[in-house]
Structures are given as C-alpha cells and as structure tokens.
Number of protein chains: 2
Amino acid sequence: MTITIRDVARRAHVSVATVSRALSSPDLVRPDTRSRVLAAATELGYQPNRAARGLITGKTGNIGIVVPDLDNPFFTGILKAVQTRAAQADYAVFVADSDEDPVAEAKLVRAMAKQVDGLLLCSPGVTDPQIVLAADTAPLVLLNHRLAGVPSTVMDGADGLRQVVAHLVALGHSRIAYLTGPRTAWANSERRRGLAAAVADHRVDLVELGPFAPRYEGGLQAADLALAADVTAIMAYNDVMALGVLARLRDRGVSVPDDVSVTGFDDLTYASLTAPALTTVAMPLATAGRTAVNMLLDWLDTTGEPAPHITLPTQIIVRGTTAPPPGGA
Amino acid sequence: MTITIRDVARRAHVSVATVSRALSSPDLVRPDTRSRVLAAATELGYQPNRAARGLITGKTGNIGIVVPDLDNPFFTGILKAVQTRAAQADYAVFVADSDEDPVAEAKLVRAMAKQVDGLLLCSPGVTDPQIVLAADTAPLVLLNHRLAGVPSTVMDGADGLRQVVAHLVALGHSRIAYLTGPRTAWANSERRRGLAAAVADHRVDLVELGPFAPRYEGGLQAADLALAADVTAIMAYNDVMALGVLARLRDRGVSVPDDVSVTGFDDLTYASLTAPALTTVAMPLATAGRTAVNMLLDWLDTTGEPAPHITLPTQIIVRGTTAPPPGGA
DNA sequence: CTGAAAGCGCTAACAG
DNA sequence: CTGTTAGCGCTTTCAG
C-alpha cells in the first residue's frame, strides 16, 4: 500500500541506491538521471520513511520540547516560535507537558530522548543534577535556565526586575512586596538576585512573600498576604499570578493603582486587557524560542566546542497598574 | 555507545528474540527467563528503539495534532488534554502550528503522516476535500469539525449560541450583532445555524457583521462596526475577539454592559479577568482533547466500523458584560 | 556516475 | 518455551 523507494527505483529504471542519492545528495548523480528519479518520485507521491532513514543515519529529524504547563501562554509563546523555526529547518517537534512535576519530567525526557536528535528543556522546576542526567541522554538546550556545560538561552529576568524596582522607586514607593515563585525555579533565583541588587541600590523596604504557585490561584492567595504586609506596591512573579492578585484586590475593594500598585512579569497578550492594563516586563518569547532551536541545531553538529549561552534583554512595559503611592510621592 | 537488544540478550544469556518477547509479550516466556531479561535490561538502562520497532510493526507510538495557532489558549487547552491522555496511553505527540494557513496545513499533515499512527485535525479553516485527502494519508480524527466518514469530536457551538440569544432576549435585547469568524470555519457555520434557529424562535433583529479575524485585532475592528450598526448587544465569535471588542469600546468611552452588552465564546481562563468579567460560553476543551485521543486510539484498531461522532455539550456562563439594554427591558 | 550488498535495531514467522 | 532467520525502508560502503 505505502510506496517505497523500490517503487520509485523501478519506475525510474534505476537502483534504489540511485534514488536515495538523487534525494539526499543530488550532486552525486547525473542531472538527467536525477530529474528522472525526481519525476518518478512525485508521480508516485513518494515520501521517504523517516524512521527507516533514521535507523541508519542515526538522525530522526525530530526535536522535543518539554514544558511545565501548556495552559500557560508564556510557554506556548515559546512553543509557537520553536515549532515555526523547527518546521523551517524541516524538523518535526514533540511536545511534552510535565504538569510541573519533576518526576514526570524526567520520565518524559527519557521517553523522548530516543526518538529525537535533541531536546529543549523549558522547565523552571528541574534540578541541576537532573539536567546533567538528561544531557547524557540527548543533546540538550536549556530555556530560561543556565548551567555550565549545557547550552542555554535565557531571558534577563534579573534586569527586568531591576527595571521594575527603579520604576516603583521613581514613583515614590518605599515599601514593596515581591511575590516569590517556585523556590526551585532558576528564573525565580535570577529575579531575586536582580531584586537584591536593586534594593541595595535604592534603599527600599522589601517584603518577600511566598513562594506561591505561579498561577492565577497563587495570586489570589498572595494578594491577601501582601495587603496584610502593608506595602504600597506588589511585584508578582509573573503575569498570571498578577492577574490573580488584581482579581482578589478588586473583590476586596482595593483600588489599583490608587491604593496599591501591581506589576507582573512576561507581558502576556491577555495581561494588557485588564482595566487598568498591567504594568509588566516584556519577555522576548518568540526570539527565545527561535534562538533555542538555532542553538540546538548548531549544537548537534558541533563537538568539543564550549557550550554557548545567550542572554536576551527584557524591557519593562509601563501601563496603568502602577502609580505613586497613596500618601503622595 | 547506544545499547541495543543484542547487549541485553548477551547479558541475559538468551537470544534477541527472547528479549523482544519478554518485553512486548511477557506471557510468551517463562517467568524466570523474563525476570532475567528484565534485570539485564534495567541494569543496562536499555530503551528499545521505537523507530526500529515501528519499521516492522508499522506502528510508531506517535500521534500528531495540527492546530491553527498555538498562541490561542483555545487550542492549547485542547492540546494540553491531548498530550496528557496520549502520554497515559504511552503515545508521544507531535504538534504542528499551521498559522491559519491551509496550504501550510496540508504540507504539515503530509509531513507528519508518515511518522504517526494517527492524526488529530483541529483546524477550523481546512476544507472538506482537503480532509478527505488527509484521511487517505493517515487515520484521522477531526476536532470541532464534522464530516461524514471521518470520526470527529465536536463541541456544540450551535446550542451555545442559542443559549446566548435566549439570555440576551430574556434581558430585553431586540437588536443584536453577531461578529462572524472565518467564513470557512466549520465552527462558524455551526454557530450561524444555531443563531438562525434562535433568531427565528425569538423574533429579534440580527445584524451579522464580518467576517473578522478570530483574534484580538479582529475584535478591535469589529467594535466600531457594531457600534455603527446601532445594536444593544454584541456576540463575538470567540473570547479573544470579544476582548478586542471590550478594549475598543473602553477606548471609545462606551460602557459595558450599561450601553451595550458583549458576549464571547470559549470561556478562556483569561477572559474572566476583564472588568466586568465576560459573559461567554464554556467549551469542554479538556474533555474534547481527551475524547479525541480516545477516539483515535480506538479507531486505529478498528476496521469497517462506521466513523463515530460525538457532540459535547456547551454551557453559557453569565458574568458581568451582559445586562438589560439602555432603554430598559 | 551507478548498482549490489550489507546492515541500522527490532519483531515475526518458523522450527526445534 | 526459546533460538534462527528473514526482512521492515532506507543509506552507504565497495566495486564496477
């Protein structure tokens, strides 16, 4: 039923070897032979079996990406760019959603490892030893996580948060809450690093709350705690959490930004749709996805080179949820 | 480097055939032989090569899903459930984003077809002839699109829109706009069908506008047209579009729901975060994704049976963007 | 430049 | 119950 290289060979009156060459290394066959083969192939609607090819070349033409939550637009923003770039390079992409579960993650990585040429790991929660283990299984590129020896593409969250603090201080805030994300998340440590630096520079009181789940519900929970901490500004770990904060504040009759300022992180499309619109930090998701794929593809035919690292800049986007504190600046 | 079935065989002092059997049909080997093999396999960290297995069994253990836009939470909601259910059944999933381009879609389907056991098509824009063509390439299940002869899982959009009209009529609206989505989308025709029925039942004036892009920008554009049409209620094709409508109305100083009511479709998480929260129709995304995978898996080892179709119920979610029209009910 | 032949890692008859 | 053997569809030496 399914048509193979032999069918093409027969139709073009050549050997299977010639068909193979005509398709993969066109310059190894005489032009007219090649065109005869190509013609036969299209007439028959021939599609090479990638699995069979992979068996011998050791290349599958697939890459995999594991993300912690496909419901979070942050990760799908990356995924979209990854898919697009991969398709251009004629790679297919496997997705796996670990549901924020490190154990599931490790399992998924192992399962995928055999059927891909390389893996993109976009999992805040994964630990360094796990990564080292995974890197043994398949070529790996880390997204938003940095580790010596493993190539990585990261977005500069530390600087993003530094910009946020500077913005808030400029508005006159002096007591600010930071809603911490998952403690094990590399991105979270990064942001706290930026935060510590910014706080030292500006002499503001920082109240660190959490950790909270980096989701809507986490924000709901965090809002009450932040309010009790008597701050005039709340910096959430990410936009989704900030939306939860906003919703909870609205329910409690607290006005944003008049009573309290709120900031997010990620600049998700939907975050700008709140009223007032959310002040946040734009993350170059598409660039990151594209860059990570490029890096992985390069990494595949590289040996002995040191692992590349790239840091993409982030940018605060000031909108309506930040204003001077109630008492005036 | 990579360890094969032979290594396991050697270590367990059996033939490769026995190893193969111990792994795939455990009851065909004596218990103690089996445990010896299993032990050897785990000691060596053996992972069968799925491609090689697939070459002979004709099964890849992969399924593919094509969606028009990974940035739209509607599709990723489905994708998440698909991924989860597939993983449970020990299938890996390929994603492809067609970017709403029918040509790209066809290409993606063809490219994936060879390396999957079956395909989920979740593409509003694909035409029936294209589907028939695709169904020839690989076992197919349609998501939110119905076509005789091809299994499908759909969500009852017609009934959803009927519920919306009934809700609006009950509030006292008599002149309502519907913002049409892509003309070729099956879901759109379905909704228009429900709409026509509801309109006939309730004797309301229906103004059909569009088609618009089913995105935020489409809503921005549609809002002005709807306002000019002098309606008291606007039903958007989906939530994302409704968010665009809301934003544009806010910018123009039109109050929702006092001046005009707005409804969405899909019940995306982020849609409930507008102020006021969006009245919309809940779609059983997770159920649909899960069901579609189950259907595909069943369909794979089925022959001659008629193609199953399932329709999942939808439910209007009344929130804050709908109210009686300005003049009173 | 082209063909014949030897596998890639695995499973499926077919014998024992 | 287990081993031997023959491929799945393809690429890649190695000879012509």
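Below, read A as the first sequence line, B as the second, and so on, with proteins coming before strands; counting in each chain starts at 1.
Nucleotides of DNA chain D lying under 4.0 Å from heavy atoms of chain A occupy a range whose first and last members, 5' to 3', are D:dG9 to D:dT13.
Atom pair A:Gln115:CD and C:dC8:C1' shows a separation of 16 Å (rounding to whole Å applied). Remark: P of C:dG3 and CZ of A:Arg6 are 14 Å apart, rounded to the nearest angstrom. Distance CG (B:Leu55) to P (C:dA12): 12 Å, rounded to an integer number of Å. The CG atom of B:Asn49 sits 9 Å away from the P atom of C:dT11 (whole-angstrom rounding). Taking atom CD1 of B:Ile5 as the reference point, atom P of C:dC8 lies 13 Å away to the nearest angstrom.
Between B:Arg215 and B:Glu100 there is a salt bridge, with a side-chain nitrogen of the basic residue lying less than 4.0 Å from a carboxylate oxygen of the acidic one. Classification of B:Arg50 and B:Asp90 as a salt-bridged pair holds, one side-chain N sitting under 4.0 Å from a carboxylate O. In summary, B:Asp97 and A:Lys80 engage in a salt bridge, as defined by a charged side-chain N under 4.0 Å from a carboxylate O.
Distance check: B:Arg290 CZ to B:Ile78 CD1 gives 12.0 Å after rounding to the nearest 0.5 Å. Here the straight-line distance linking atom OH of A:Tyr46 with atom CD1 of A:Ile3 works out to 7.5 Å at 0.5 Å rounding.
Looking at residues 37-48 of chain A, you'll see A:Tyr46, A:Pro48 sit with a heavy atom under 4.0 Å from some atom of DNA chain D.
Between A:Thr18 and the phosphate of C:dG3, there is a side-chain N or O to OP1/OP2 separation shorter than 4.0 Å.
In this model, no donor atom of one side chain and acceptor atom of the other lie less than 3.5 Å apart for B:Arg183 and B:Asn188.
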Exercise for the section: Would you sort out whether B:Thr60 and B:Gln115 count as a side-chain hydrogen bond (donor to acceptor under 3.5 Å, both in side chains), showing the intermediate values? Expected result: CA-CA 6 Å; B:Thr60 61; B:Gln115 27 187 359; over 6 Å; no

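The nearest pair of heavy atoms linking A:Leu108 to A:Ser98 is CD1-CA, 3.8 Å.
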Protein N or O to nucleotides 13-16 of chain C N or O, pairs below 3.5 Å:
| residue | atom | partner | partner atom | Å |
| --- | --- | --- | --- | --- |
| C:dA13 | N6 | B:Arg21 | NH1 | 3.4 |

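Heavy-atom nearest nucleotides on DNA chain D were determined for B:Pro31 and for B:Ala52, and the one closer to the 5' end corresponds to B:Pro31.
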